[in-house]
Amino acid sequence: MKLVVVSAGLSVPSSTRLLADRLAAATGRYTSVDVQVVELRDLAVEIAHNFTSGFPGRALSAALEAVTEADGLIVVTPVFSASYSGLFKSFFDVLDQDALTGKPVLIAATGGSARHSLVLEHALRPLFAYLRAVVVPTAVYAASEDWGAEGLADRIDRAAGELGRLMEGLGSGAARRAEVADTAGAADASVVVDTDTAAAIAPRSLDGALASADRFTVIPFEQQLAALRP
């Protein structure tokens with residue numbers, strides 16, 4: 001599965017990028033992922049031009065496509081004026097409004113003081129709820145004093161575990177739905193019905209002839225009519 005990390009850190013090295021890397025590494029311990037990092041610092045000019053021209057540049061277009069196609073996201077921003085950074089917000093402003101629908105997202109932030117930790121609940125979580133993403137319960141905030149202290153590693157591990165399990169669950173569910181849809185499409189004039197319903201209406205002569213996917217069975221429409229005739 002594809003995990004995309006969006007980091008809005010501005011400095012080099014960046015504590016925001018450090019937290020993002022640790023969250024990605026921890027997620028990889030719970031599920032197999034291919035990680036791609038999007039550094040918003042490198043896209044700042046193209047993001048600004050997108051607002052004035054209405055068209056993304058090549059690098060920004062690639063970043064937007066990566067986020068849209070990701071199976072899961074980790075988003076990390078530094079705190080500015082008790083909220084996410086303007087660069088962070090601007091990136092998600094130019095993203096298609098439906099791109100994050102149903103997508104698992106882990107939110108995180110860094111700041112100089114623990115007093116800003118509620119930015120996760122007051123700013124980031126409402127933003128991604130509005131974008132209809134599935135935000136994991138545990139958010140991670142790292143103040144300057146948290147680095148090297150007890151507690152941060154546990155929060156990172158808990159949040160990463162929630163993201164990994166959510167990606168696994170939603171991914172397997174999508175695969176099952178696709179399998180059912182493919183099976184239904186392959187049968188000419190067929191209807192997908194629940195297995196229990198199929199057992200009630202299918203004649204005994206159809207035993208062994210029913211193709212099933214998960215708990216659903218595909219029965220050709222003509223055979224359903226034949227089963228209902230007196």
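Each residue takes its place number in the sequence, starting with 1.
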Y84 and side chain to side chain contact (heavy atoms under 4.5 Å, CB included): which partner among V79, V76, L124? L124
Please give me the minimum heavy-atom distance between I47 and S90, naming the atom from each residue. CG2-CB, 3.7 Å
With heavy-atom distances below 4.5 Å as the criterion, would you say the side chains of L95 and T68 are in contact? yes
By salt bridge (Lys or Arg N to Asp or Glu O under 4.0 Å), R41 pairs with (sequence neighbours left out) E39
So do V75 and F91 actually touch side chain to side chain, heavy atoms under 4.5 Å? no
Pairwise salt bridge (charged side-chain N to carboxylate O under 4.0 Å, His left out) hits with a residue in residues 80-95, at least two apart: K89-D93
What I want to find out is whether D154 reaches R158 closely enough, with some N-O distance under 4.0 Å, to be called a salt bridge. no
V105 and its side chain to side chain contact (heavy atoms under 4.5 Å, CB included) partner, picked from L73, L166, I74: L73
Which atom of S32 lies closest to which atom of E168, heavy atoms considered: N-OE2, 4.4 Å
Only pairs at least two apart or in different chains count here, so list each salt bridge (charged side-chain N to carboxylate O under 4.0 Å, His left out) that has a residue in residues 63-73. none
Same cluster or not: are V37 and V33 linked, directly or through other Ile, Leu, Val, Met, Phe, Trp or Tyr residues, by side-chain heavy atoms under 4.5 angstrom apart? yes
Taking all atoms of both residues into account, what is the closest heavy-atom pair of A24 and V35, and its distance? CB-CG1, 4.2 Å
Contact list for residues 121-149, test ring-ring contact (aromatic ring centres under 6.0 Å, His included), sequence neighbours left out: F92-F128
Could you see if L170 belongs to whatever hydrophobic cluster contains V135? Use Ile, Leu, Val, Met, Phe, Trp, Tyr and a side-chain cutoff under 4.5 Å. no
Distance check, rounded to the nearest 0.5 Å: L23 atom CG versus L18 atom CG? 9.5 Å
Is there a chain of hydrophobic side chains (I, L, V, M, F, W, Y, each step under 4.5 Å between heavy atoms) that links M1 to L163? yes
Beyond-backbone contact of L100 with V67, side-chain heavy atoms, under 4.5 angstrom: yes
The complete set of ring-ring contact (aromatic ring centres under 6.0 Å, His included) pairs with one or both residues in residues 19-76, sequence neighbours excluded, reads none
With D98, which residues qualify under side chain to side chain donor-acceptor pair (under 3.5 Å), at least two apart? R132
Under 3.5 Å, sequence neighbours excluded: what are the donor-acceptor pairs made by side chains of residues 2-13?
{"unit_1": "S11", "atom_1": "OG", "unit_2": "P13", "atom_2": "O", "d": "3.0"}

Can you name the side chain to side chain donor-acceptor pair (under 3.5 Å) partners of E162, sequence neighbours left out? T138
I want to check something: taking the side chain as every heavy atom from C-beta on, are P56 and V94 in contact at a cut-off of under 4.5 Å? no
The side chain to side chain contact (heavy atoms under 4.5 Å, CB included) partners of E121 (sequence neighbours excluded) come to R125, A139
Return all side-chain donor-acceptor pairs below 3.5 angstrom for residues 107-120, not counting sequence neighbours, or 'none' if the list is empty.
{"unit_1": "T110", "atom_1": "OG1", "unit_2": "T16", "atom_2": "OG1", "d": "2.8"}
{"unit_1": "S113", "atom_1": "OG", "unit_2": "R115", "atom_2": "N", "d": "3.1"}
{"unit_1": "S113", "atom_1": "OG", "unit_2": "R115", "atom_2": "NE", "d": "3.1"}
{"unit_1": "S117", "atom_1": "OG", "unit_2": "A114", "atom_2": "O", "d": "3.1"}

Nearest-0.5 Å distance, CG of residue L60 to CG of residue D42: 12.0 Å
Residues that R22 engages under side chain to side chain donor-acceptor pair (under 3.5 Å), provided they are two or more places apart: none
For the residue pair A142 and L19, what are the closest heavy atoms and their distance? CB-CD2, 4.1 Å
Non-hydrogen atoms of K103 and A99 that approach each other most closely: CE-O, 3.3 Å
Can you pull out every salt bridge (charged side-chain N to carboxylate O under 4.0 Å, His left out) where at least one residue sits in residues 135-151? Sequence neighbours excluded, please. D146-R155
